[in-house]
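Read the numbers this way: they start at 1 and go in the same order the structure lists the ligands and their atoms.
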Amino acid sequence: MKNIIILLLIINFGVTLIQGLNDDGRKSYIVYMGDISQGIERLAVVKHHHSLLAEAIGDESIARVAKIHSYGKSFNGFAARLLPHEASRLSEKRNVVSVFPNKMRKLLTTRSWDYLGMPEDLRQRNNQTESSIILGLLDTGIYIDAPSFSDEGYGPPPSKWKGTCEKGLNFTGCNRKVIGARYYNLGPDIGMDPTPVDTDGHGTHTSSTAAGRSVNGASLFGVAEGTARGGVPNSRIAMYKVCGNFGCSDMSLLAGFDDAIADGVDIISISIGGPTKNFMDDVVAIGSFHAMKKGILTVCAGGNEGPDEGSISNVAPWVLTVGATNVDREFRTVVELGNGMKLQGMSINTFSPKKTMYPLISAASAFNGTESPFTNVSMCDAGTLSESKVKGKIVLCLGLSSADWTVRSSHGAGTIIALDELQDMASTTLLPASFVSAEDGHLIGDYINTTKSPQATIYKTVTLKTTKAPVVASFSSRGPQLLARNILKPDISAPGMDILAAYSKLVSITNENLDNRFSYFNIISGTSMACPHVAGAAAYVKTFHPDWSPAAIKSALMTTAKPVNGNGTENPLDSGSGLINPVAAVHPGLIYDLSGNDYIRYLCREGYNGTTLSLIQGLHKKVHYNCSKVKPGQGADGLNYPSLHVQLPTSDTKISKVFHRSVTHVGYGPAVYKATVTSPRGLAIKVIPDVLTFTKPHQKQSFKVLVQGTITDDTPYTLSAFLEWNDSKYRVRSPVVIYRSIV
Ligand SMILES: *[C@@H]1O[C@H](CO)[C@@H](O)[C@H](O)[C@H]1NC(C)=O
Ligand SMILES: *[C@@H]1O[C@H](CO)[C@@H](O)[C@H](O)[C@H]1NC(C)=O
Ligand SMILES: *[C@@H]1O[C@H](CO)[C@@H](O)[C@H](O)[C@H]1NC(C)=O
Ligand SMILES: *[C@@H]1O[C@H](CO)[C@@H](O)[C@H](O)[C@H]1NC(C)=O
Ligand SMILES: *[C@@H]1O[C@H](CO)[C@@H](O)[C@H](O)[C@H]1NC(C)=O
Ligand SMILES: *[C@@H]1O[C@H](CO)[C@@H](O)[C@H](O)[C@H]1NC(C)=O
Ligand SMILES: *[C@@H]1O[C@H](CO)[C@@H](O)[C@H](O)[C@H]1NC(C)=O
Ligand SMILES: *[C@@H]1O[C@H](CO)[C@@H](O)[C@H](O)[C@H]1NC(C)=O
Ligand SMILES: *[C@@H]1O[C@H](CO)[C@@H](O)[C@H](O)[C@H]1NC(C)=O
């Protein structure tokens with residue numbers, strides 16, 4: 001949590017800076033112009049952008065200075081500094097899809113792959129094909145010196161690779177593992193040095209989670225020791241650095257997409273937060289649409305705004321949106337008191353105690369006399385503790401705040417933080433620390449009050465197995481989504497809590513300057529960590545089915561996912577279709593496929609403008625989509641999606657919806673599938689027909705799902721069921737979620 005909070009501060013700072021710099025009243029905008037015709041010369045594209053811009057601005061020389069970047073390898077558009085009336089003039093042009101201001105976005109062991117059923121010695125691997133798969137990551141850069149990226153034993157890059165390797169400060173070149181690296185310092189000031197090197201750690205962590213090679217004896221100073229590796233250890237990595245110290249700019253992200261698609265990557269992974277806005281004004285939706293058209297699946301983190309409902313982001317239907325779960329491992333840090341009592345807290349404490357016992361005090365007794373309406377000494381807020389009282393002691397603090405930082409600044413020996421609600425995620429701290437429950441905090445407080453010279457020590461963290469897995473992480477963003485309301489998001493879940501993976505040695509493990517611990521590995525949490533697990537799994541599936549569409553790979557991962565309930569009730573608005581099961585996804589039995597045209601028809605029905613959609617699809621002048629000719633039908637959601645979802649207004653008293661679906665048989669020989677549905681009380685679900693017979697592979701069959709029910713006072717807001725097609729060998733599972741929205 002602490003990492004997330006710090007990041008927010010940095011980003012706000014970045015935004016302020018940018019606004020300050022725009023003293024001529026111009027702001028950065030992206031002008032998106034849809035698909036790009038094949039074979040157009042770069043020079044012609046750039047010239048066209050320039051003439052459009054000059055026309056809108058009315059001055060050739062200002063236009064030249066105002067242009068920031070021309071896209072045009074994989075789609076058409078440019079970025080420029082514009083005045084509002086120039087932006088609106090451009091948006092009226094016939095060949096312009098949208099014009100929107102550039103925004104900043106935030107970044108949202110490998111036990112995890114074992115947990116997902118992919119042990120290190122997994123026999124079912126296509127090594128040869130795997131080494132020709134390229135994962136493209138849009139992130140904070142990469143620290144290529146980490147052992148996870150050593151290229152020993154790797155052959156030359158696959159021949160389809162068309163990317164390049166940019167060099168820069170502390171980055172002397174690529175290798176056969178990390179075959180591409182670029183950086184995009186677009187934007188007034190995103191705090192990016194001219195180098196693809198990772199000075200944050202985030203991009204190094206995500207890259208190695210997806211495709212890092214196997215490294216034995218990996219750990220964070222002895223914590224979580226084991227073998228670290230990615231999902232496709234033989235595959236290649238291409239890094240597109242789009243984030244600087246102040247965040248990630250839209251203009252850079254779009255440039256990363258433009259290159260990644262043209263360079264020949266197979267899967268794109270993005271662990272960066274997204275806004276909730278019209279898909280035509282959202283660079284992740286735009287970039288991933290063009291990637292999809294070229295057969296590239298984009299996998300995105302769903303955000304760290306949980307557990308609030310409706311917080312999910314990166315929700316375009318052609319994106320695979322990922323939520324985070326735990327794994328069956330927890331980090332426990334024992335606190336021992338002078339009276340021999342031992343209490344178990346949670347944290348990632350890499351320090352071993354140097355002395356058996358340290359003096360222990362409560363924060364209140366170390367008050368330095370300065371309190372403001374914004375600080376609370378019991379919580380160890382910054383500036384409340386007296387250094388002379390804290391020095392060399394362990395301090396008991398109540399509540400989540402900057403306690404670790406405050407006690408460290410006052411030269412304390414350690415921190416015990418008592419929380420009303422224990423976090424599910426452990427964090428690294430500057431000092432020995434343990435987060436304990438409120439009850440344990442009370443016990444410790446009592447011990448302090450009733451003992452003459454209270455003492456304590458905090459042990460190094462140990463890992464324990466837990467049976468409460470998989471459960472959705474509290475921070476993981478939840479559905480329902482607010483844009484394409486009848487598409488269930490998140491799509492899927494993967495481990496994102498306390499994940500050990502490679503890190504950059506150019507930054508301390510807490511990303512704090514006060515810290516001098518640097519490591520090739522670090523343990524961090526976020527949907528950022530879940531996303532590359534799914535990207536790795538998608539790459540793995542692709543090694544067996546190189547010809548599958550992005551939607552087919554997505555469907556295979558979704559319909560084979562395992563329930564996420566940790567012994568409770570499964571809620572697809574939290575976990576989507578469930579926890580990825582990569583090995584099962586290689587043989588999904590049936591797939592729900594979708595093409596670019598299917599998405600276009602869907603967007604038509606959602607009310608997007610047909611003229612614009614023609615530009616996106618690359619149907620320039622010749623044909624125009626006439627959305628009023630697209631049949632309104634196609635059921636409740638209008639898309640052959642692997643999950644089924646509708647949102648109803650709360651005023652509705654009846655549920656009566658039909659979903660149209662078609663599945664492709666991707667198993668062997670003939671097959672007969674039977675449908676089973678588990679319905680909650682108040683919902684009647686019928687599948688017509690409920691038996692599908694395939695005489696040979698690649699056959700398609702259609703069916704309808706009728707969902708009916710009456711809403712009463714005690715009908716819950718979320719009604720979820722599961723549809724399963726079963727042919728004795730394969731089980732093809734889809735959540736069916738009816739959500740009664742409050743708005
Ligand atoms: C694939 O490569 C791994 C090492 O990367 C090796 O351990 C494994 O035996 C290989 N499998 C096959 C089927 O060649
Ligand atoms: C380059 O490496 C040096 C030494 O580790 C470090 O001090 C510096 O900040 C790095 N610069 C960049 C841009 O990575
Ligand atoms: C308490 O600590 C803060 C921050 O270190 C400092 O600004 C303040 O002067 C201190 N107050 C006293 C009374 O020492
Ligand atoms: C300070 O924090 C403690 C512990 O969280 C809480 O009980 C107390 O009410 C807070 N005091 C103020 C003035 O907010
Ligand atoms: C310890 O004593 C302080 C001061 O008298 C009091 O505020 C606090 O509630 C006591 N803590 C416990 C756990 O009894
Ligand atoms: C959860 O289920 C597992 C496996 O069925 C069981 O071993 C464990 O005790 C259960 N945990 C709880 C907290 O009920
Ligand atoms: C779509 O947008 C174009 C260009 O802005 C406009 O001329 C046209 O009338 C719009 N079509 C519809 C159906 O709204
Ligand atoms: C689109 O189709 C509708 C219905 O067929 C027709 O009335 C309308 O003129 C068409 N619009 C265009 C721009 O072709
Ligand atoms: C799957 O289908 C087979 C054969 O049709 C049946 O025996 C089995 O019970 C089904 N399993 C489930 C979980 O429905």
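- Closest approach of Asn314 to Ile272, counting heavy atoms only: ND2-O, 2.9 Å.
- Of all atoms in ligand 4, listed by their number and element, those nearer than 4.0 Å to a heavy atom of Met379 are 2 (O), 5 (O).
- For Asp420, the CG atom is loosely surrounded, since the number of other residues' heavy atoms within 6.0 Å does not exceed 12.
- Backbone and side-chain nitrogen or oxygen atoms of Asn170 are examined, and one is located within less than 3.5 angstrom of a nitrogen or oxygen of ligand 2.
- With ligand atoms numbered from 1 in the order given, ligand 2 contributes 2 (O), 5 (O), 14 (O) to contacts under 4.0 Å with heavy atoms of Leu506.
- A side-chain donor-acceptor contact under 3.5 Å links Ser347 and Thr333.
- Listed by first and then second residue, the salt bridge (Lys or Arg N to Asp or Glu O under 4.0 Å) pairs that reach into residues 162-172 come to none, sequence neighbours excluded.
- Atoms of ligand 2 found under 4.0 Å from any heavy atom of Leu169, numbered from 1 in the order shown, are 13 (C).
- Numbered from 1 in the order shown, with element, the atoms of ligand 2 that lie under 4.0 Å from a heavy atom of Val197 read 14 (O).
- Around the CG atom of Asn513, the shell of radius 6.0 Å holds no more than 12 heavy atoms that belong to other residues, nucleotides or ligands.
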*Would Tyr240 and Asp258 count as a side-chain hydrogen bond (donor to acceptor under 3.5 Å, both in side chains) if you check the C-alpha gap in whole Å, the side-chain angles of each, and the deciding distance to 0.1 Å?*
CA-CA 10 Å; Tyr240 300 84; Asp258 197 23; over 6 Å; no

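- With 3.5 Å as the limit, one finds no donor-acceptor pair spanning the side chains of Thr415 and Asp404.
- Using a cutoff of 4.0 Å between basic side-chain nitrogens and carboxylate oxygens, Glu305 and Lys106 are scored as salt-bridged.
- Within 4.0 Å of ligand 5, counting heavy atoms only, the contacting residues are His442, Gly445, Asp446, Asn449.
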